[in-house]
Protein chains: 2
Amino acid sequence: MENLRSLFQVMTRRFGLLNKNCCSVGGCDISLIQSHILYEIDNQHNPSMQQIADTLGTDITTFSRQVQSLVKMNLVKKMPDPADKRISILSLTAEGKYIAGSIDQQMNSFLHEVFSQMNEFEKETVIRSIHLLNNAMAKSSACCKPFQG
Amino acid sequence: MENLRSLFQVMTRRFGLLNKNCCSVGGCDISLIQSHILYEIDNQHNPSMQQIADTLGTDITTFSRQVQSLVKMNLVKKMPDPADKRISILSLTAEGKYIAGSIDQQMNSFLHEVFSQMNEFEKETVIRSIHLLNNAMAKSSACCKPFQG
DNA sequence: GTTTAATACTTGCATCTTGCAAGTGAAATC
DNA sequence: GATTTCACTTGCAAGATGCAAGTATTAAAC
């Protein structure tokens with residue numbers, strides 16, 4: 001089999017660059033990490049700090065400070081869990097939802113442009129393949145332990 | 001079409017986490033960025049500083065300092081281009097090659113484990129798909145301008 | 001052929017990010 | 001009730017980042 005790593009390296013770097021350029025919405029500049037945090041808060045159900053930090057594979061202390069900034073920017077809300085007062089449940093404010101949605105839209109429109117290079121059959125094949133890959137990665141013990149979302 | 005972005009987000013994060021854990025070889029600890037630099041130096045032909053910095057989408061000043069560390073660690077060599085003395089050509093030292101190869105091996109063995117979850121047909125489909133994707137991204141104007149390797 | 005502009009880097013500085021260690025307070029275990 | 005564990009938060013020190021301003025070299029303009 002050919003060198004799998006270089007195949008993936010190229011792909012993920014390109015997607016990473018895409019992601020990097022997708023983070024400014026209006027006057028509001030969001031860092032790459034922050035956009036990932038917004039994304040995860042939006043996609044998980046009543047997530048705690050720890051959950052999102054684990055998902056993203058970032059240290060909880062760094063994460064704590066990132067969230068503090070997002071709270072200051074009025075994009076994220078932190079509510080103590082009524083059942084366990086140690087836990088902070090994260091959610092997006094209206095503004096946070098707007099920003100997250102905006103980034104999502106930008107990313108999707110770029111991706112659609114990329115996919116527009118392909119015919120229908122190719123598109124479907126590629127999408128199915130990524131699903132396969134994601135499932136295989138989720139099952140693999142070697143990698144990605146933190147993330148099981 | 002379903003939400004493409006979340007599909008890619010999951011995939012690239014998993015691969016990113018994989019990458020993150022692949023960077024220590026023996027006693028030598030390498031940061032993620034440094035491993036990317038080693039990879040690119042190894043894969044491009046007599047690359048200049050600017051070329052690699054562009055490929056990786058990092059600022060040239062940050063890159064300059066990263067390369068300085070790698071030179072100090074005796075993993076990278078910097079040679080002035082005889083034809084244009086402004087340019088520094090980068091190459092790996094023997095030790096740098098060893099480290100880069102080691103990381104490559106780790107990544108590939110993890111990827112093979114992931115692919116071992118699939119049957120032959122799925123494997124081929126997935127690999128072909130990533131090629132398709134990389135080609136489409138290379139053609140797209142929207143993204144990844146810096147990288148054309 | 002000298003001046004001007006552009007290129008390929010490098011350094012200064014100020015800011016942000018990172019993660020370990022050490023803390024707080026709350027829940028679970030003993 | 002004492003100890004341990006858990007979910008976070010802060011102190012610090014180290015590293016990463018990027019703009020501005022520098023050097024040296026090459027290319028372009030006049």
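Letters A, B, ... are given to chains in the order of the sequence lines, protein chains preceding strands, and every chain is numbered from 1.
Taking atom CD1 of residue A/I30 and atom P of nucleotide C/dT17, one finds them 12 Å apart after rounding to whole Å. Atom P of nucleotide D/dG15 and atom CD of B/Q34 are separated by 11 Å, given to the nearest angstrom. Regarding B/D59, its CG atom lies at a distance of 16 Å from the P atom of C/dC16, rounded to whole Å. The distance between atom CG of A/D84 and atom P of C/dG25, rounded to the nearest whole Å, is 16 Å. Computed from coordinates, the A/I89 CD1 to D/dA7 C1' distance equals 11 Å when rounded to whole Å. With rounding to whole Å, B/Q50 atom CD is found 6 Å from C/dA8 atom C1'. Between the CG atom of B/L32 and the P atom of C/dT17 there is a distance of 18 Å, given to the nearest Å.
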Exercise. Can you check side-chain contact (heavy atoms from CB on, under 4.5 Å) on A/D104 and A/D42, steps first, answer last?
Worked result: CA-CA 11 Å; A/D104 226 50; A/D42 209 20; over 6 Å; no
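The shortest non-hydrogen separation linking A/M137 to B/M11 is SD-O, 4.4 Å.
Between A/N135 and B/Q117, every side-chain heavy-atom pair lies at or beyond the 4.5 Å cut-off. A/F63 is listed as a side-chain neighbour of A/I52, based on a closest heavy-atom distance under 4.5 Å. Under the 4.5 Å side-chain criterion, counting only non-hydrogen atoms from C-beta, A/R14 is not in contact with B/L133.
At the phosphate of C/dC9, OP1 or OP2 sits under 4.0 Å from a side-chain N or O atom of B/S48. Close to C/dT10, at under 4.0 Å from its OP1 or OP2, lies a side-chain N or O of B/K78.
Atom-to-atom distance recorded for A/Q51:CD and A/H45:NE2 is 10.0 Å, nearest 0.5 angstrom.
The base of C/dC9 has none of its N or O atoms less than 3.5 Å from a complementary donor or acceptor on the side chain of B/R86.
Of the residues in residues 60-75 of chain B, B/T61, B/T62, B/R65, B/Q66 come within less than 4.0 Å of DNA chain D through at least one heavy atom, sorted by number.
Looking only at atom types and distance, the side chain of A/N46 has no donor-acceptor partner in the side chain of A/D81 under 3.5 Å away.
Closest to the side chain of A/I87, from the set C/dC9, D/dA7, D/dT26, is D/dA7.
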